Amino acid sequence: MGLLSDPNRRRALISLLTRLNAPICVVCYMAGVAWFMGLAFEPFTLRTYMSENAMGSTMVEERFPAGERALATGREFSAHKKKVGGMPVDWLVKTMQARGLEVFTQRFSRTLPFPDENKERYLVKGTNVYGILRAPRAPRTEALVLSAPCTPGDNNNQAVGLLLGLAQYFRNQVYWAKDIIFLVNEHDLIGMQAWLEGYHHTNTTGMDWSPLQGRGGSIQAALSLELSSDVITSLDLVLEGLNGQLPNLDLANLFYAFCQKIGVLCTIQGKLQRNDWDSVSGYSHSVQTMMLMVMKQASGRPWGDHGLFLRYHIEAATIKGINSFRQYKSDTTTIGRLLEGMYRKLNNLLERLHQSYFFYLMPSLSHFVSIGYYMPAFGLLAVILLLRALDLWVQLATPPPRTEDGVADTDTLIKSAPSQMSSPGVLSVLTPLVISHLTGVEVAVEHFPVSETEAVVLTAIAIYTAGLALPHNTHRLLSGEGTEQGWKVLKLVAVLYLAVLLGCTALINFSLGFILALTLVPVAAFVTPHVPKILSAFILVILSPACTLLFSVFFFQELQEMPVSFIDGWMLFLSVISQGILDHSLYGSLVYPLIALLVYPCWLLFWNILFWK
Amino acid sequence: MKILTFFSLFSTFLSANSINVEENAGQFFSSGHTNNWAVLVCTSRFWFNYRHVANTLSVYRSVKRLGIPDSHIVLMLADDMACNHRNPKPATVFSHKNMELNVYGDDVEVDYRGYEVTVENFLRVLTGRLPPSTPRSKRLLSDDRSNILIYLTGHGGNGFLKFQDSEEISNVELADAFEQMWQKRRYNELLFIIDTCQGASMYERFYSPNLMALASSQVGEDSLSHQPDLAIGVHLMDRYTFYLLEFLEDIHPASKANMKDLFKVCPKSQCVSTPGHRTDLFLRDPGSALITDFFGSVRKVEITMETINLTDLIKEAEQKNIHTTANLQFPPLHLSSFLPYLTPYPQKPKQKDWHPPDGFILGLWTLILLVFFKTYGIKHLKHIF
C-alpha cells in the first residue's frame with residue numbers, strides 16, 4: 001500500500017513527525033538563514049548580461065558636446081528658482097520652447113493627512129513642467145521619459161541644466177523613433193504621482209490635478225536624474241520602487257554596460273564593487289550591499305522619483321551623481337554622453353523590456369541573484385510553520401487519554417470529544433481573531449481632529465501596546481474556556497494564517513516577507529501557554545513587528561555607515577512610522593496597512609496563546 | 001630578310017588570332033546558358049538586423065553592375081532599413097563603415113517587401129506557381145537555359161532558415177523546391193549562396209543535378225558580423241558577404257575568374273567561421289564555370305573578320321563536355337539514386353516470432369495420439385470422436 005494510505009506506515013510517519021518536530025524546525029531555520037547569507041557569496045551569483053536582443057551588441061558613438069552650456073543653464077535655473085521662491089514655471093516653459101519642444105504644464109495640490117516633518121510640508125501645491133520632443137518620422141505611439149526633480153535650495157540644479165542641454169542636443173537628431181518627454185516635477189514624489197496619474201487617466205490617491213494637455217504615447221522606459229554638483233566621482237543607480245517593485249534587470253545591465261564603456265565609476269547602494277570575493281571583508285561587503293537592497297525593498301517606499309513609474313509597468317531607474325573625495329572626476333559632458341548612449345539604445349527597443357528578470361537581488365552591480373535562487377531561503381522558513389501546523393493537527397486528532405474514567409466511558413467520551421472540541425474551538429478561536437483585527441483596524445484607520453505627526457504616531461503605538469492587554473480581556477468575554485484543545489486550535493489557525501500571509505507577502509515583496517518571517521516564525525513555532533511566561537513575553541515583544549522595525553532602523557543606519565545613538569534612533573523610528581502612513585495615503589504603499597491590519601493581529605493571536613488560561 | 005621575319009611574325013600573329021577567335025567562339029557553348037536570373041532574399045526584419053538587408057543589397061549591386069537587369073532580378077527584403085525611423089541617414093543603407101558605400105543607391109527595385117517576404121512566396125517564386133495576377137517583376141520567368149543565382153541571408157540554424165521571426169524554411173523543403181525546378185526545367189545551372197549561422201546545413205539535402213552551393217559557415221558554427229558603424233549604431237554587414245562584396249568588386253564583365261576563386265573567398269582567418277561549398281551535383285568542373293556565368297549577364301560577342309566553322313566547334317564542345325545537360329544520358333530513373341536520403345534508415349531487423357517448422361506440430365500431435373492409444377488401448381478412441 002502507499003505511504004500515506006497504509007495506516008501502519010502513516011502512524012510511523014506521524015510519530016516521526018511529532019518526535020523530530022522541534023529539531024527539524026531548528027535545522028530548517030538555520031538552513032534558511034544560511035541560504036540567505038550565502039546568496040551574497042560571489043560563486044553562487046551570476047554575472048549580469050544583456051537579455052534584450054534589440055539593445056544588444058550595438059554600440060553607438062556618443063557625441064554630446066555641451067556639458068558646460070548645460071551647467072550654465074543650471075545656474076540660470078537656480079537663480080530663477082531663488083527669485084520665484086519655488087518652481088520657475090515661466091522660465092522653464094520659455095527655455096523648453098526655445099529648444100523646440102512642445103511644452104505643457106500641470107497644476108496639482110494635495111493636503112497631507114498630517115504634516116510631514118521630514119520634508120516640512122502639509123498643504124502641497126505645485127506645478128509640473130514637461131516638454132515633448134516629437135520623433136521626426138515616427139508615429140506618436142511610444143515615448144521615453146527623462147525627468148529631473150525641482151527641489152528647493154541648491155539641489156538638483158545641474159540635473160535640470162543637463163536635462164535642458166540634452167533636450168537641445170536630442171532635438172537636432174533625426175534618429176529618434178519614440179517621443180522623448182523631458183519632465184521637471186515639483187515636490188518630487190507628489191508631483192510625479194500627479195503627473196503619472198494625469199498621464200494614465202487614473203486617480204488612485206485622491207490628489208487634485210489639472211488634466212494633461214499633451215501626451216506622447218505609451219511610455220516604454222524612464223530615467224530620473226539627480227545631480228547636484230558640477231563634477232562627479234561616481235554614479236549611483238537606484239532601483240527600488242514602490243512596494244518593493246524593481247525594474248527589469250536589463251535596465252541595470254544597460255547602465256552597467258555604458259558605465260564600463262564610458263569609464264565612469266558606478267555604484268549601487270552607494271557601495272563600490274570589490275574584486276576580492278574570497279576574502280572575508282570582500283564577502284561582508286557584498287552582504288552589506290545586498291542587505292541594504294533588502295532593507296530598502298522591505299520598506300516599500302520609492303527610493304527615487306522613478307519608483308512610481310513601476311506600478312504602470314514602465315521600467316524606470318534613478319541615476320544619482322555623487323561627488324566624493326576621489327581623485328578622478330567626470331564632468332557633465334561625460335554624464336551627458338552616458339545618458340545619450342542609454343537613450344539611443346532604449347530607442348532601439350521594439351517592445352517593453354521583458355526579457356530579463358523582474359525579481360532579483362543585487363549583491364553588486366555586476367552580479368545578481370534571481371528569484372529561483374533566493375526563494376528557497378524563504379521556503380525553508382515557511383516549512384517550519386507547516387511542520388508545526390501538522391504537529392498540532394496530529395495532536396488534535398488523537399483523543400486525550402482519560403484513564404480515570406473506566407473502560408465503558410471511553411466510548412461515550414470518544415463520541416462526545418469531537419463535539420466537545422468543536423464548540424469551544426470555534427468560539428475561542430474567533431474571539432481573539434476578531435478582537436486582534438479590530439485593534440489592527442484601529443491602528444490603520446485614524447481620523448484625528450488634531451493633525452499632528454507625533455500625536456498620530458504615538459497613538460498608533462499606544463493602541464499597539466494596549467493590544468498587549470488583550471488576553472486578560474478575552475477571558476472575561478467567554479466562559480467555558482481554558483481547555484487544552486482551545487489553544488491548540490487557535491494556534492493551528494494562527495500558524496496557517498501566518499504561513500499564508502508571509503507566503504503572499506514574499507511573493508510580492510520578498511525582502512519584507514523574509515524579514516517578517518525571520519522574526520515571526522520562531523514566535524509562531526515555540527509559543528505555547530506552557531513556556532515560562534515572563535521570559536517568553538519578553539521575547540515575544542522583542543520579536544514583534546514594531547520592535548523588528550526598530551531594530552531594522554538601527555541596522556539600516558549601521559549598514560549605511562551612519563550609526564545613530566538611541567535617542568536619534570527612536571526619533572527615526574517614529575518618523576519611519578509616520579512616513580509609512582503618509583506613503584500609504586499619498587502613493588498607495590501597502591506596507592503600513594499590511595503590517596497594521598494583518599501582521600500585527602497575527603502576532604496578537606500568538607500573544608493570546610501565550611497568556612491562555 | 002627583315003621582311004621575311006616580319007611576314008612570318010605577322011602570319012603567326014594572324015593565325016594565333018584566328019585560333020584565339022575559334023577558341024573563344026568555342027567557349028560560347030561551354031556553359032550552355034543563354035540568360036541569367038538572380039533571386040536575392042533577406043529574411044529578417046527589425047532594426048538590429050540591418051546587416052542582412054545590407055548583405056542582400058550589396059549582392060544586388062554587384063549583380064546589377066555585372067549586367068543582370070532589374071527585370072531578371074527578384075529582390076526580396078523583409079524590412080525597410082533605409083526609411084526606418086532609427087536610421088540617422090535616411091534613404092541610405094551602408095555596407096562599409098564611415099559611410100563609404102551606399103548600397104541602396106538611386107535605382108533599387110525591391111520586388112517583395114516587408115511582410116510579402118514569406119516562405120510561401122519564396123517557394124512560389126522558385127517553382128513558378130504564382131496566381132495569374134502576379135506582375136512580371138515578381139516572377140522568376142526562367143527557362144531551361146537560365147543560370148540562376150539564389151542568395152539567402154538571415155538567421156538560421158541547423159537545417160532551417162528563419163523568415164520574419166514567425167516561420168522557417170527547412171533544408172528539405174528547399175531541396176524539394178529545387179527538384180521541382182529541375183523537373184520543370186526551370187534552370188540550366190543554379191548557384192546557391194547562403195550567409196547565415198550553420199549555413200552548410202541548408203545545402204546538405206540537395207539532390208537535383210547542376211546545383212552548386214556555398215555557405216558562410218558549417219553546422220555548429222555561427223556566422224559573425226563585420227564591423228559596427230558607430231554613427232548608425234548597428235553592425236553593417238556580415239563577414240562572409242563583406243569579403244564576397246570585396247571579391248566581386250574586382251570582377252568586371254570580361255573577367256575570367258572562375259568558381260574556384262569564389263570558394264577561396266573569406267578563409268577562416270577572416271571569417272572566423274569556415275565557409276563551405278558543395279559541387280558534387282554540379283556536372284561541369286567548377287574550375288570551368290566563370291563567375292560571370294552566375295553573377296553577370298554577359299553578352300558573348302567576339303569581333304572577327306574571319307569565317308569560323310561553328311558546327312565543328314559545337315562537336316568539339318560536346319566532346320569536351322560530355323557531361324553537359326544536352327548530352328546527358330539519363331540513367332534509368334530509380335528513385336533511390338536521386339533521393340539518397342529517402343532510403344529507409346537502416347533499422348534493426350524486425351523481431352519475427354519464431355514458429356516451429358510446419359510439419360512439426362502435426363508430427364507432434366500424431367505422436368501424442370499414438371502414445372495415448374498405446375497406453376490406454378484402442379477402445380478409448382471413442383472418447384476422442
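Predicted model, so just to flag it, every value in this text is computed and none were measured. Just so we're on the same page: letters track the sequence lines, and every chain starts at 1.
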Q) Considering all heavy atoms of both residues, which atom of A:V174 and which atom of B:P90 are nearest to each other, and what is their separation? A) CG2-CD, 4.4 Å
Q) Nearest heavy-atom pair of A:R344 and B:P88: which atoms, and what distance? A) NH2-CG, 4.0 Å
Q) Could you state the interatomic distance from CG (B:N87) to CZ (A:R137), rounded to the nearest 0.5 Å? A) 6.0 Å
Q | Contacting moiety of A:A138, where chain B heavy atoms sit under 4.5 Å | A | both
Q.
If you count every heavy atom of other residues, nucleotides or ligands that lies below 6.0 Å from B:K138 atom NZ, does the total exceed 12?
A. yes
Q. Rounded to the nearest 0.5 Å, how far does NZ of A:K178 lie from NE2 of B:H85?
A. 10.0 Å
Q) If you draw a 6.0 Å radius around CZ in A:R69, do more than 12 non-hydrogen atoms from other residues or ligands fall strictly inside? A) no
**Q.** Exceeds 12 heavy-atom contacts within 6.0 angstrom, atom CD of A:Q213
**A.** no
Q: Could you tell me the separation between the CG atom of B:L230 and the CZ atom of A:R63, rounded to the nearest 0.5 Å?
A: 8.5 Å
Q.
Let me confirm one number: the CZ-CG distance from B:R86 to A:L350, rounded to the nearest 0.5 Å.
A. 5.0 Å
**Q.** CD-CZ distance between A:E52 and B:F48, expressed to the nearest 0.5 angstrom
**A.** 7.5 Å
Under 3.5 Å, which donor-acceptor pairs link side chains of residues 155-163 of chain B to any protein atom two or more places apart or in another chain?
residue: B:H155; atom: NE2; partner: B:N49; partner atom: OD1; Å: 2.8
residue: B:K162; atom: NZ; partner: B:D165; partner atom: OD1; Å: 2.8

